[in-house]
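Each ligand, and each atom within it, is numbered from 1 in the order the structure gives.
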Amino acid sequence: MSTPHPLSVWARNIAPSPTLAIDAKAKAMLAAGEDVCSFAAGEPDFDTPEFIKDAAIVALKAGKTKYAPTPGIEPLRVAVAERYAAEYGYQLAPAQVVVSPGGKFSCYLGILATCNPGDEVVIPAPYWVSYPEMAKLAGATPKFVLCDDQAGFKLTPALLKAALTPKSKLLVLNSPSNPTGAIYNRAELAALADICVAHNLYVLADEMYEHLIYDGHQPVNFSMLGAEVEQRTITVAGFSKTYAMTGWRLGTLVAPAPIAKACAELQSQMSSNATTFAQYGALAALKEKAKATVALAEMKTAFDRRRKHLHAELNKIPGVSCLLAGGAFYLFPNISSFGLKDVDFCARLLAQEKVAAVPGSAFGAEGYLRLSYATSDEIIKKGVARLAKFCSALKR
Ligand SMILES: Cc1ncc(COP(=O)(O)O)c(C=O)c1O
């Protein structure tokens with residue numbers, strides 16, 4: 001009898017998502033009755049608004065249970081195009097819109113459509129955990145650029161230029177950022193866009209958290225920085241974070257027509273359309289603007305309050321320093337003064353104080369924690385007090 005071959009390099013080289021793993025561990029401890037304060041979640045702690053659920057239920061009952069066109073039902077593609085026009089003045093044909101089974105898949109399509117084996121994908125760190133793995137699955141090489149808290153966790157033109165080689169093909173830009181919450185302003189993006197044009201780079205603009213921006217700042221759509229920028233930009237967004245629809249698995253991608261067509265063709269062989277009746281829920285989210293605005297405002301108000309509270313409390317802890325992030329629902333405090341590896345810090349924090357946090361090294365930045373404040377005010381208060389107690393017992 002022969003032993004089966006080893007699994008493929010794709011299977012062996014992929015790193016499982018550390019954020020999902022820690023979140024799952026915290027949830028399992030909670031389910032076992034342990035008093036865990038989890039800052040590990042990557043999703044809003046709100047439920048999907050009722051009007052969105054109702055629209056999907058109506059669609060389900062009306063028999064919207066069959067295959068749909070791969071890039072999405074036509075009214076949803078039109079509605080996505082309309083919302084880009086209304087929010088950013090970005091005029092798109094519906095053919096430039098691809099609705100996917102999740103923003104994660106949209107990112108992967110964007111990378112697959114543009115990168116060849118051997119190409120380099122420039123990924124500013126701290127980065128969202130999936131980008132490097134996606135680049136590797138496309139046969140490309142991730143090229144990391146560390147942008148620490150001194151740099152406000154943001155890529156600068158100098159850092160970008162220093163990372164470029166003749167093999168550079170794609171830049172991933174995520175604003176607001178998961179894991180740091182950092183947001184780029186228009187001038188910062190424009191300076192990076194000039195370099196992308198000059199060096200003929202594609203850009204994957206992951207704008208998943210575009211509607212979760214605080215302090216009155218406005219989101220900037222990368223494509224709108226100029227015609228030459230638009231030609232090379234794939235914008236990813238979705239419904240997960242804006243409408244608390246993480247489990248629905250619906251994302252979007254908009255791009256110049258040839259890229260969108262390629263993405264739709266890739267999707268046609270990899271997954272087909274995103275769930276048909278779910279797309280009707282997303283359509284309601286875009287069409288019923290008054291209701292959507294109320295639901296989003298409620299969520300944002302809660303996130304903003306928690307953001308400020310958590311930020312203030314973290315900075316009161318001797319040895320911890322934390323920037324006030326402008327978007328998403330994460331803070332990324334620096335814990336390097338304790339001289340512990342962040343993985344060990346998190347393991348001990350969970351074991352001793354039952355506080356779940358994700359180590360910065362999972363995002364390519366050792367010495368930090370990612371704390372999600374998409375959890376109740378009560379958990380935040382209790383969790384940060386435990387974190388303070390834990391830190392006070394550590395040597396510095
Ligand atoms: C930066 C970023 N991009 C994309 C996604 C993908 O979102 P989804 O696949 O739930 O639509 C996430 C989810 O955590 C994210 O944080």
Side-chain angles (χ1 to χ4, degrees), residues 16-24 39-46 48 52 72 76 80 97-111 121 123-135 142 147 153-155 170-184 203-213 219 221-222 234-254 263 267 270-271 273-275 278-279 281-282 285-286 303 325-332 358 360 362-365 370-375:
S17 166
T19 50
L20 294 183
I22 290 167
D23 193 34
F39 291 96
E43 60 184 347
D45 56 319
F46 294 86
T48 307
I52 298 177
L76 183 55
V80 170
V97 177
V98 179
V99 178
S100 301
K104 188 177 270 188
F105 199 66
S106 305
C107 291
Y108 188 38
L109 290 174
I111 292 173
V121 176
I123 303 178
Y127 49 72
W128 180 48
V129 293
S130 295
Y131 304 133
E133 303 311 308
M134 291 172 177
C147 312
F153 299 122
K154 291 191 266 190
L155 183 66
L170 173 82
L171 167 67
V172 178
L173 262 188
N174 174 214
S175 176
S177 152
N178 175 5
T180 66
I183 49 172
Y184 289 74
V203 179
L204 183 77
D206 183 344
E207 299 175 0
M208 186 54 69
Y209 295 89
E210 67 195 307
H211 297 118
L212 295 177
I213 293 192
N221 175 257
F222 197 78
I234 300 159
T235 306
V236 168
F239 300 90
S240 292
K241 318 288 173 172
T242 305
Y243 305 105
M245 290 173 69
T246 47
W248 292 60
R249 309 311 304 131
L250 285 174
T252 61
L253 166 164
V254 300
C263 290
Q267 179 164 302
M270 295 175 72
S271 72
N273 61 279
T275 305
Q279 294 189 46
L286 295 183
F303 285 151
F329 40 68
Y330 309 101
L331 290 178
F332 207 67
V358 188
F363 311 94
R370 189 195 73 173
L371 301 179
S372 160
Y373 49 85
T375 184

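A side-chain donor-acceptor contact under 3.5 Å links Tyr209 and Lys241. For the residue pair Tyr131 and Asp206, a side-chain donor N or O sits within less than 3.5 Å of a side-chain acceptor on the partner.
Partners of Pro124 by side chain to side chain contact (heavy atoms under 4.5 Å, CB included), not counting sequence neighbours, listed by chain and number: Cys147, Leu155, Leu171. Partners of Tyr108 according to the side-chain hydrogen bond (donor to acceptor under 3.5 Å, both in side chains) rule, which considers only residues two or more places apart in sequence or in another chain, do not exist here. The side-chain hydrogen bond (donor to acceptor under 3.5 Å, both in side chains) test applied to Gln279 returns no partner, not counting sequence neighbours.
By the 30° and 60° cut-offs, the orientation of the rings of Phe303 relative to Phe46 is perpendicular.
The residues lining ligand 1, counting any heavy atom closer than 4.0 Å, are Gly102, Gly103, Lys104, Trp128, Tyr131, Asn174, Asn178, Asp206, Met208, Tyr209, Ser240, Lys241, Arg249.
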